[in-house]
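First listed ligand is number 1; within each ligand, the first listed atom is number 1.
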Amino acid sequence: MELGFIGFKYSGKSTLFELLTQNHFETIRSGMAESRRGRVTVPDNRVDHLSEIFKPKKTTFASFDCIDIMGIPTGSRRDTSSKYLEAVRQVDGLVAVIRIFEGFGDDGKPVILNPVADIQHLEDEIQFADLMVIESRLEKVEHMKQRGAPQYDKAEHDVLSLCKACLDDGKAIRTLELSEDDEKRIRGFRFLSIKPLLAVLNCNEENYLKREEHIESVKTVYPNMAVTAVSALSEKEIQELDEEERAMFMAESGIEEPAINHVIRAAYEGLGLLSFFTVGEDEVRAWTLHAGEKAPDAAGTIHSDLEKGFIRAEVIQYEQFIQTGSLAKAKANGQVRLEGKEYKVQDGDILNIRFNV
Ligand SMILES: Nc1nc2c(ncn2[C@@H]2O[C@H](COP(=O)(O)OP(=O)(O)OP(=O)(O)O)[C@@H](O)[C@H]2O)c(=O)[nH]1
Ligand SMILES: [Mg+2]
């Protein structure tokens with residue numbers, strides 16, 4: 001799972017990237033281009049809590065990778081390089097960093113703050129790229145249909161037409177509710193606008209206090225978009241303070257918890273990810289799945305042998321486990337369920353896989 005930071009130049013992508021990865025990253029060079037890849041740990045107080053209960057030798061949090069992608073020049077209007085689009089094509093999800101702090105752009109001109117227009121621009125770029133791909137494919141498909149070619153696939157024709165209508169309407173393909181089969185049909189095209197996207201409004205302190213208003217203004221235009229706000233520069237300064245100074249600064253700036261935790265969780269959920277847990281004396285661990293994945297997928301995430309030899313999963317929800325306080329008691333109460341191959345794993349499930357190799 002890899003997430004890419006996109007946005008205009010000087011929107012604060014690198015600041016946010018360094019904050020999220022806590023400066024743990026590597027620089028990747030390919031030709032002249034340079035990008036940075038780092039790992040983000042997902043804060044989860046359920047893991048802390050389970051760890052207090054089981055006192056394991058090791059505690060492991062969920063994590064995901066992210067990439068700091070080059071910015072779009074502030075003056076540009078749809079002339080994004082293919083290098084940029086190729087970088088976007090490589091990642092599984094997008095974090096769009098949107099600037100809500102005054103100052104200058106890379107062209108030396110004062111930046112006009114307009115979050116909705118900025119999001120629109122980023123969306124237009126990727127939607128336009130998808131449209132090019134679809135139009136060229138549709139041309140071939142329609143030609144096949146006319147010729148009565150045996151490779152002609154009506155289902156593909158239909159889903160591509162649906163995607164095209166969506167893009168013509170100015171909407172991202174991700175806003176369509178496609179069936180699993182249709183999703184598979186178009187997977188090979190590696191569309192950009194089907195990737196989940198989280199908009200992060202990067203505010204100065206003043207605008208951060210008005211973040212609800214800013215989020216609302218985006219939601220009015222994009223009702224289904226995942227949106228959150230952060231003040232990346234303030235958060236970075238906070239990360240560098242000692243504890244007492246930190247408490248004071250946060251109170252003054254109206255920041256209740258490190259907003260960065262919130263951004264990480266929003267990214268995780270926005271990407272359609274969930275955590276399940278395994279517990280024991282050796283390790284308490286959070287694992288990552290895509291929403292909708294089933295018990296054997298969970299088993300496979302832990303180890304391929306567990307998926308191959310999967311028999312059943314013993315399942316209890318985190319909340320229920322905490323109320324009961326012990327696995328033995330939960331089992332005696334009949335609270336630990338036995339689930340089969342079709343079970344869709346839920347966020348917060350504590351799993352024990354029964355398997356046979
Ligand atoms: N006032 C203010 N300045 C910020 C904030 N976040 C970043 N900056 C400043 O904006 C400038 C650009 O930040 P970067 O994080 O390098 O921006 P970027 O999006 O990575 O830029 P490119 O890599 O050139 O695309 C730096 O001088 C930052 O200190 C913020 O929240 N508030
Ligand atoms: Mg940068």
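Classification of the H49-Y318 ring pair by plane angle, with boundaries at 30° and 60°, yields perpendicular.
Aromatic ring centroids of F61 and Y268 lie 6.0 Å or more apart.
In this structure, S11 is part of the shell of residues with a heavy atom less than 4.0 angstrom from ligand 1.
Considering both main-chain and side-chain atoms, D68 never comes within under 3.5 Å of ligand 1 through any nitrogen or oxygen pair. Residue M70 has no N or O atom closer than 3.5 Å to an N or O atom of ligand 1. Taking only nitrogen or oxygen atoms, main chain and side chain alike, N204 does not reach within less than 3.5 Å of ligand 1. Between C203 and ligand 1, an N or O atom pair is found at a separation short of 3.5 Å.
Distances from the Mg ion (ligand 2) show that T15 has no N/O/S atom below 2.8 Å.
Looking at T15 against ligand 1, both its backbone and its side chain come within 4.0 Å, counting heavy atoms.
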(request) Show the numbers, then the answer: is there a side-chain contact (heavy atoms from CB on, under 4.5 Å) between L178 and L162? (result) CA-CA 10 Å; L178 296 175; L162 192 69; 3.8 Å; yes

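At the shortest separation from atom 21 (O) of ligand 1 among protein heavy atoms lies Y10 N, 3.0 Å. Nearest protein heavy-atom neighbour of atom 19 (O) of ligand 1: K13 NZ, 2.7 Å. Closest to atom 23 (O) of ligand 1 among all protein heavy atoms lies S14 OG, 3.8 Å.
Between R174 and E123 there is a salt bridge, since at least one side-chain N of the basic residue sits less than 4.0 Å from a carboxylate O of the acidic one.
In this structure, the side chain of D349 engages the main chain of Q346 through a donor-acceptor pair within 3.5 Å. Formation of a donor-acceptor pair under 3.5 Å by the D44 side chain with backbone atoms of R46 is found in this model.
Remark: R211 qualifies as a cation-pi partner of Y208 under the 6.0 Å distance and 45° angle criteria applied to the six-membered ring.
Of all the atoms in ligand 1, the ones that sit under 4.0 Å from a non-hydrogen atom of G71 are 25 (O).
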